[in-house]
Amino acid sequence: MTATADRPLAPAPVPTFAEIRLPDEVRDALGAALTAVGDPTADVDHAMTRYLQAFAALPTGLLQRLVDFGRHIDAPGVALVGNLPVDPVLPDTPGDGGPARGKATFVAEGVLLGLSGLLGEPIGVTTEKDGRLVHDVIPVQGGARTQTNQGSEVFLNYHSDITHDVIGRYDIANPDFLVLSCLRADHEGVAMTSYADARDISAALEPEVLETLRSPLFRLNAPGSYTRDVAGDTEVLSDPVPLISGVGDHPEIVISANGVRALTSGAEAALDRLQEVCRAVSHTVRLRPGQALLINNRKGVHARSTFTARYDGRDRWLQRTYVRRNLWDIRYRVTPDNRRVHF
Ligand SMILES: O=C(O)CCC(=O)C(=O)O
Ligand SMILES: [Fe+2]
């Protein structure tokens with residue numbers, strides 16, 4: 001379409017997937033700077049500051065693309081960052097879900113926390129990975145068929161990462177962003193991470209289904225880690241909420257992996273249709289070492305395909321952070337002994 005005097009050219013639709021690749025010399029310089037930081041756990045705020053210095057040395061255009069991803073309302077919901085530095089040697093993938101023992105260098109942690117720091121502040125949640133900031137996402141034998149990040153034998157449905165909260169809403173104090181960084185691919189290299197953007201979902205849904213999904217007809221079950229460890233494997237449901245909310249052009253979406261209870265038969269049908277549409281509009285990536293996904297946890301939902309775990313120390317291994325743009329709004333959840341860890 002061309003612009004005419006009386007009809008200006010419409011802005012091109014913003015793509016919902018971005019790809020950012022580091023040139024080799026930039027990767028190597030970043031790797032050297034991150035190696036020099038060492039283990040971040042002793043003083044994470046000091047480490048975060050040094051990661052910021054390391055990432056600040058990236059070429060301006062590249063750095064701006066990373067920062068813009070976290071900053072703008074109309075930015076894509078997911079970005080694949082490629083050709084990142086990696087650790088020269090990796091220990092076995094921990095069979096118990098982590099953390100790893102005997103990791104000699106901390107480049108992966110630097111990549112993960114450094115990217116996270118460009119988007120906001122990494123946080124821990126006491127009921128998820130014992131409150132650690134760096135989450136290991138690894139297949140665990142006992143959880144192979146669960147709707148959690150320990151699974152492998154079942155498709156992990158399109159979901160948002162949510163947090164159980166006594167206020168009755170699980171979509172308020174949850175992370176704004178996730179960073180998923182790949183240390184080891186699965187044996188066959190087939191595990192897929194998918195992302196469906198609520199803008200694409202809304203455009204693809206029938207209007208009456210969208211209206212149902214925008215109504216408070218759904219109760220979210222708390223995450224599997226919470227129901228397993230705290231609630232004796234019983235459901236802990238949120239207040240009724242809509243799954244899609246907010247202004248039409250910039251919708252927010254929430255879906256719990258561990259079950260959504262629809263309050264009417266129409267809502268139940270809309271929920272099935274939603275998972276179908278997510279599959280149809282999604283972007284899919286087979287993560288490889290040196291790649292990280294930046295995921296906006298409000299603009300879209302993510303999923304994981306099945307893959308075969310062998311529990312042999314060479315299984316798929318991702319590291320993940322939960323990132324808040326701002327810690328102030330979730331101050332009612334902070335633990336007294338750690339300013340980054342929340343209940
Ligand atoms: O394993 C993946 O690719 C994604 C798992 C997931 O949903 C998560 O870690 O939040
Ligand atoms: Fe997830």
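Here the structure is a predicted model, which is why all the values come from computation and not from measurement. Whatever order the structure lists them in is the order used to number ligands and atoms, beginning at 1.
Checked by distance only, ligand 1 and Asp161 come closer than 3.5 Å through their nitrogen or oxygen atoms. Any N or O atom pair closer than 3.5 Å counts here, and His302 shares at least one such pair with ligand 1.
With hydrophobic clusters built from ILVMFWY side chains whose heavy atoms lie under 4.5 angstrom apart, Leu58 does not share a cluster with Val86. Residues Ile162 and Val241 fall within the same hydrophobic cluster, defined by Ile, Leu, Val, Met, Phe, Trp and Tyr side chains chained together at heavy-atom separations under 4.5 Å.
A salt bridge does not link Arg219 with Glu235: none of the charged nitrogens is closer than 4.0 Å to a carboxylate oxygen. For Asp68 and Arg71, the salt-bridge test passes: some basic side-chain N is under 4.0 Å from an acidic carboxylate O. The pair Asp312-Arg314 does not meet the salt-bridge criterion, since no charged nitrogen lies less than 4.0 angstrom from a carboxylate oxygen. Under 4.0 Å is where a charged nitrogen must lie from a carboxylate oxygen, and between Asp96 and Arg101 at least one such pair does. A salt bridge links Glu188 to Arg310: at least one charged side-chain nitrogen sits closer than 4.0 Å to a carboxylate oxygen.
Within the structure, the closest approach of His159 to ligand 1 falls below 4.0 Å when heavy atoms are considered. Using 4.0 Å as the threshold, Arg316 has a heavy atom nearer than that to some atom of ligand 1.
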Intermediate values then yes/no, side chain to side chain contact (heavy atoms under 4.5 Å, CB included), Asp176 and Leu119: CA-CA 9 Å; Asp176 297 320; Leu119 305 178; over 6 Å; no

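Nearby protein atoms of type N, O or S around the Fe ion (ligand 2) amount to 3 (distance under 2.8 Å).
Within 6.0 Å of CZ in Arg339 there are 12 or fewer heavy atoms belonging to other residues, nucleotides or ligands. No more than 12 heavy atoms of other residues, nucleotides or ligands sit less than 6.0 Å from atom CD of Glu211.
Atom numbering of ligand 1 starts at 1 in the shown order; those under 4.0 Å from a heavy atom of Thr193 are 2 (C), 3 (O). In the vicinity of Leu318, heavy-atom distances shorter than 4.0 Å reach the ligand 1 atoms 1 (O), 2 (C), 3 (O). Remark: ligand 1 atoms within the under-4.0 Å shell around heavy atoms of Leu178 are 10 (O). Each of the following atoms of ligand 1 lies closer than 4.0 Å to a heavy atom of Val137: 1 (O), 9 (O). Using a 4.0 Å cut-off to heavy atoms of Leu180, the atoms of ligand 1 that qualify are 4 (C), 9 (O).
Among all protein heavy atoms, the one lying closest to atom 8 (C) of ligand 1 is Arg320 NH1, 3.3 Å. Of the protein's non-hydrogen atoms, Leu156 CD2, 4.0 Å is the one closest to atom 5 (C) of ligand 1.
There is no side-chain donor-acceptor pair under 3.5 Å between Thr227 and Asn221.
When non-hydrogen atoms are compared, ligand 1 lies under 4.0 Å from neither the backbone nor the side chain of Leu287.
Remark: side-chain polar atoms of Asn297 are paired, donor with acceptor, to backbone N or O of Asp161 under 3.5 angstrom.
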